[in-house]
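Below you'll find the structure, written out as structure tokens, and then a few comments.
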Amino acid sequence: MSVKTRFAPSPTGSLHLGGARTAIFNWLFARHHGGEFVLRIEDTDQVRSTEESLNEIYDSMKWLGLDWDGTPIKQSERLELYNEYANKMLESGKAYKCYVTPEQLADKRKEAQDKGEFFQYKREWADENSGPDKPYSIRILTPDTGEIEVHDILRGKISFDAGEIDDFIILRMDGFATYNFAVVIDDALMELTHIIRGDDHLINTPKQQLIYDALGFNLPEFAHVSMIHGADKTKLSKRHGATSVGAYRDDGYLPEAMINYLTRLGWSFGDEEIFSKDELVEKFTLDNVGKSPAVFNPEKLQWLNAHYIKEKPAKEIAELILPLMNGKGYKAEDDDKLLKIIEQLRERSKTLNDFVSQSSYFYNDVNEYEEKARNKFLTEDTRPVLQALSGKLSSVENFTYDNIQKALEEVVEELDLKFGKIAQPMRVALTGGTVSPGIGEVIEILGKEVVISRIQKAIDSI
RNA sequence: GUCCCCGUCGUCUAGCCGGGCCUAGGACAUCGGCCUUUCACGCCGGUAACAGGGGUUCAAAUCCCCUCGGGGACGCCA
């Protein structure tokens, strides 16, 4: 039997980390088995669903490289279908009309709560204000006794007491299907074989199975993956800071790091930590998915990101950071200089944005010096060092790294100083601060003219 | 409160199913050191966990029971 999975986001916000991980698991599982992976948009909540969110979700999926098969299905376009099936259940006596209004229900619920009782809907209320023209919702007729057994690939058998389950609504008074109903109709009609979703849906599963039964649909396999938690061990949400895929993209994270991290969160393959997408497709199975919730750890994500930055071809990094740099007004170009800068900065960058912030002095004049740096390295004592450097460097004909390095060493020898004594003042003069790649590399990239003028500027500022 | 799920270093996890190789392994973070031209990178080393209690067994992180702890769900939201 071939495999078919789905990701079913509701377009009420951006794609968050938890959703992304379920999407990844579904995608990985389908691709691993050579099956299909489809998208279904759960947009029946007309009020909160927006086109903007939908596009953002599509963008994030594409960015992560999670391609889907076929055209996404939108639940808002299948309303009639749900109606049809709800009526089928009505006809077969598996469901009934309920005239209790939402207001009445709210009152009853509150009353029970005030008494400290557990609220449960009673089907005797159904006809309380019935009438030919009165609006009604459709409720499923659920068994009062017995057990409902759910099979979960990750957790095994889980049984629920049928008596705990209300005659829940499948079609609202406004004619819209409820979540649990639409999900089942779609999952069944789309012929999905495996439903991989968040742990929070585990409780919905017995309810959904009741619908499968009532309609005579075949049950798919279920796998409920545990949630992603924040540092406080509660379900990850906006309170925990950046939780959308888009936010990480904007912060300069690479999709390969994101995929690697999110997959590894709750899934493992021995001691391995680094996985390319292809390796993941090859190695991912549900067997190695853990059951306990995982705390999202930004530091480890960052470490992975740094790792992928270190091994990504400079050319590709250039394409990614060029727009960022020019967005800051750097006037950078896709040239040899950029490539050299990338090679120097990649070991020092944890995100793409780090490239931008660390390369400012390569593209902009140095107009200020960090105060501490200036006080320590641009002084009367270092003036002769800078002068010597300026003189020596001006005489370098062929401004290559080797020649520059040779010139620097000559100055070290002539002044009888340690290398650090000339490197730091130089660094401050050229970059405005005390942190940069090797000074020889910086000089080479900057070029003779700029170097000489910046040294002069530094001397003048003393 | 009720129902369901979960419980190995601070965090992600290996090991658990099919007890012994576990003096519990790896990774991130952290601490110390080395390298050094600053910052990084890299390398070497350290600290750090089987939630607790009972069983079963020659032997338990691994099997069973209880307790405790954490989370999730309890909508005419999805």
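Scanning for side chain to side chain contact (heavy atoms under 4.5 Å, CB included) contacts around A:Arg48 gives A:Thr12, A:Asp45, with sequence neighbours left out. Residues satisfying the ring-ring contact (aromatic ring centres under 6.0 Å, His included) test with A:His16, not counting sequence neighbours, are none.
A gap of 7 Å separates the C1' atoms of B:U47 and B:C31, to the nearest Å. B:A48 and B:G26 have their P atoms separated by 14 Å, given to the nearest Å. Only the C1' atoms considered, B:C76 is 22 Å distant from B:U2, to the nearest whole Å. Separation of the P atoms belonging to B:A14 and B:C9 is 12 Å when rounded to the nearest angstrom. Annotation: B:C68 and B:G25 have their P atoms spaced 32 Å apart (nearest Å). When the P atom is compared between B:C64 and B:G20, the two are found 15 Å apart, to the nearest whole Å.
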Review point. When you check every protein heavy atom under 4.0 Å of nucleotides 68-78 of chain B, what one-letter string (B, S, -) results, 5' to 3'?
Key: ---SBS-SBBB
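Taking atom CD1 of residue A:Ile158 and atom C1' of nucleotide B:C6, one finds them 11 Å apart after rounding to whole Å. We find that CD1 of A:Ile228 is positioned 14 Å from C1' of B:U11, with the value rounded to whole Å. In this structure, A:Glu370 atom CD and B:C39 atom C1' are separated by 11 Å, rounded to whole Å. Atom pair A:Lys310:NZ and B:C41:C1' shows a separation of 6 Å (rounding to whole Å applied).
At the heavy-atom level, A:Phe160 lies under 4.0 Å from the strands shown only through sugar-phosphate atoms. Base engagement by A:Ile439 is indicated by at least one non-hydrogen atom pair under 4.0 Å involving a base atom. In this structure, A:Gly290 reaches neither bases nor backbone, as no heavy-atom distance under 4.0 Å exists between it and the strands shown. Looking at heavy-atom distances under 4.0 Å, A:Thr434 makes contact with a base.
Evaluation of atom-type donor-acceptor distances gives a pair under 3.5 Å for the side chain of A:Gln405 against the base of B:U37. Side-chain atoms of A:Glu347 and base atoms of B:G42 include no donor and acceptor less than 3.5 Å apart. Counting distance only, with no hydrogens placed and no angle test, the side-chain atoms of A:Arg155 and the base atoms of B:C5 include no donor-acceptor pair under 3.5 Å. Judged by distance alone with a 3.5 Å cut-off, no donor-acceptor contact links the side chain of A:Arg264 to the base of B:U13.
Considering A:Lys235, A:Lys291, A:Arg155 as possible partners of A:Asp199, the one that fulfils the salt bridge (Lys or Arg N to Asp or Glu O under 4.0 Å) test is A:Arg155. Under the salt bridge (Lys or Arg N to Asp or Glu O under 4.0 Å) rule, A:Asp167 has a single partner from A:Arg139, A:Lys207, A:Arg123, which is A:Arg123.
For A:Gln104, the CD atom counts as densely surrounded, since its 6.0 Å shell holds more than 12 non-hydrogen atoms of other residues, nucleotides or ligands. No more than 12 heavy atoms of other residues, nucleotides or ligands shown are found within 6.0 angstrom of OH on A:Tyr136.
Of the residues near RNA chain B, A:Leu265 and A:Glu273, the one whose nearest nucleotide (by heavy atom distance) lies more toward the 5' end is A:Leu265. Comparing A:Glu272 and A:Gln358 against RNA chain B, the residue whose closest nucleotide sits nearer the 5' end is A:Glu272.
Here A:Asp402 does not pair with A:Lys406 in a salt bridge; the nearest charged N to carboxylate O distance is not below 4.0 Å. A salt bridge is defined here as a Lys NZ or Arg NE, NH1 or NH2 lying under 4.0 Å from an Asp or Glu carboxylate O, and A:Glu272 with A:Arg264 fails to meet this definition.
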